[in-house]
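I have placed the structure first, in the form of structure tokens, so that the comments after it can refer back to it.
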Amino acid sequence: MQRIFFQKPTLWVAKNLLGRTLIRRWRGREIRASICETEAYVGENDLACHASKGRTKRSEVLFAKAGTAYVYLIYGMHYCFNVVTEKSDFPAAVLIRAVSIDGKNFSGPGRVCKALHIDKRFHGQNLIKNKELRFERRLGGRLKFSQIKSGPRIGVEYAGAWAKKPWRFWTIGERSVK
DNA sequence: GATAAGATCATCT
DNA sequence: GATGATCTTATCA
């Protein structure tokens, strides 16, 4: 996929990633994961976004070029995989929350990373031309708008009004709620 | 089935 | 020293 895709508005990217395939080359195999749930984190004003505290060592990568991987560890044991969006120096990203592999559902950022063997080695890597981890161009037509649902993001209650924004997107039939 | 607790650490204050 | 963009397991009903 081209960088220009990720340079578009984050909410657009989050929606348009649904139904696309993420391909992970691992030990000579190709793991094909269809994306079924995403979340958008947009800018320093978004209190749920890690960049809301400014440009720090942790959030630095969010300011990088669109198409860069943002991977971090949470709760001491789970990795979360994001793709940086929009223009450089504007901190925004899309979190991959759930994928489907061989018909099996992996819901939750931690499980997605486990299934795809993603860890902090990918942090800061450019995914536009990456052999180990890349997005496939869509094969069929684009997902119908009616197949996409949205709702508030998960686990960000502390973000006040920002927590209520319907910036989580999932495909119908794949909802993975807690 | 539902809810609660425990794990465990990089990053920020 | 506190705290998460969480998941698994245990303990209830």
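Reminder, nothing fancy here: chain letters follow the sequence lines and each chain counts from 1. Because the structure is a prediction, the values reported are computed rather than measured.
- Residues satisfying the side chain to side chain contact (heavy atoms under 4.5 Å, CB included) criterion with A:Ile101, sequence neighbours excluded, are A:Ile31, A:Ala33, A:Val99, A:Phe106, A:Ala115, A:Leu116.
- Using a 4.0 Å cut-off between charged nitrogen and carboxylate oxygen, A:Glu30 and A:Arg24 do not count as a salt-bridge pair.
- Note: NE2 (A:His50) to P (B:dT11) measures 11 Å, nearest angstrom.
- Between the P atom of C:dG4 and the CZ atom of A:Arg153 lies a distance of 15 Å, rounded to the nearest Å.
- Closest to the side chain of A:Cys80, out of C:dT6, B:dA7, B:dC9, is C:dT6.
- Using a 5.5 Å limit on the distance between ring centres and a 30° limit on the angle between planes, the aromatic ring of A:Tyr41 counts as stacked on the six-membered base ring of C:dA5.
- Sequence order on DNA chain B of the closest nucleotides to A:His78 and A:Lys120 puts A:His78 first from the 5' end.
- Distance from the side chain of A:Arg58 is smallest to B:dT11 among C:dG4, C:dT8, B:dT11.
- Closest contact between the side chain of A:Arg111 and the listed nucleotides B:dA7, C:dA5, C:dT8 involves C:dT8.
- With a 3.5 Å ceiling on both atom-pair distances, B:dT13 lacks any Watson-Crick or G-U wobble partner.
- Residue A:Tyr79 places none of its side-chain N or O atoms closer than 4.0 Å to OP1 or OP2 of C:dT6.
- Of the candidate nucleotides C:dA5, B:dC12, B:dC9, B:dC12 has the atom nearest to the side chain of A:Lys53.
- As rounded to whole Å, 14 Å separates atom P of B:dT13 from atom NZ of A:Lys57.
- For the side chain to side chain contact (heavy atoms under 4.5 Å, CB included) with A:Thr38, the qualifying choice from A:Asn82, A:Leu95, A:Thr171, A:Val94 is A:Val94, the only one to do so.
- Here C:dT6 presents its P atom at 14 Å from CD1 of A:Ile96, a figure rounded to the nearest Å.
- With respect to A:Arg32 and A:Glu136, a salt bridge is recorded, a charged nitrogen being found less than 4.0 Å from a carboxylate O.
- Between A:Phe81 atom CZ and C:dC7 atom P the separation is 16 Å, expressed in whole Å.
- Remark: B:dA4 base-pairs with C:dT9; criterion is Watson-Crick or G-U wobble with both hydrogen-bond distances under 3.5 Å.
- The side chain of A:Ile154 lies closest to C:dT6, out of C:dT6, B:dC9, B:dC12.
- Salt bridge status for A:Asp46 with A:Lys165: absent, with no side-chain N to carboxylate O gap under 4.0 Å.
- Of all nucleotides listed (B:dC12, C:dG4, B:dA7), B:dC12 comes nearest to the side chain of A:Thr56.
- Residues A:Glu39 and A:Lys114 both approach DNA chain C. Their nearest nucleotides, taken by heavy-atom distance, put A:Glu39 toward the 5′ side.
- The distance from the OG atom of A:Ser107 to the CH2 atom of A:Trp170 is 13.0 Å, given to the nearest 0.5 Å.
- Heavy atoms of A:Tyr72 sit under 4.0 angstrom from at least one base atom.
- Under 4.0 angstrom from either OP1 or OP2 of C:dT6 there lies at least one side-chain N or O belonging to A:Arg97.
- Residue-level contact check: A:Tyr70 touches the bases, meaning some heavy atom is under 4.0 Å from a base atom.
- A straight line from CG of A:Asp119 to C1' of B:dA10 spans 15 Å, rounded to a whole angstrom.
- Between A:Leu95 atom CG and C:dG4 atom P there is a gap of 17 Å when expressed in whole angstrom units.
- Rounded to an integer number of Å, the gap from CD1 of A:Ile74 to C1' of B:dA7 is 14 Å.
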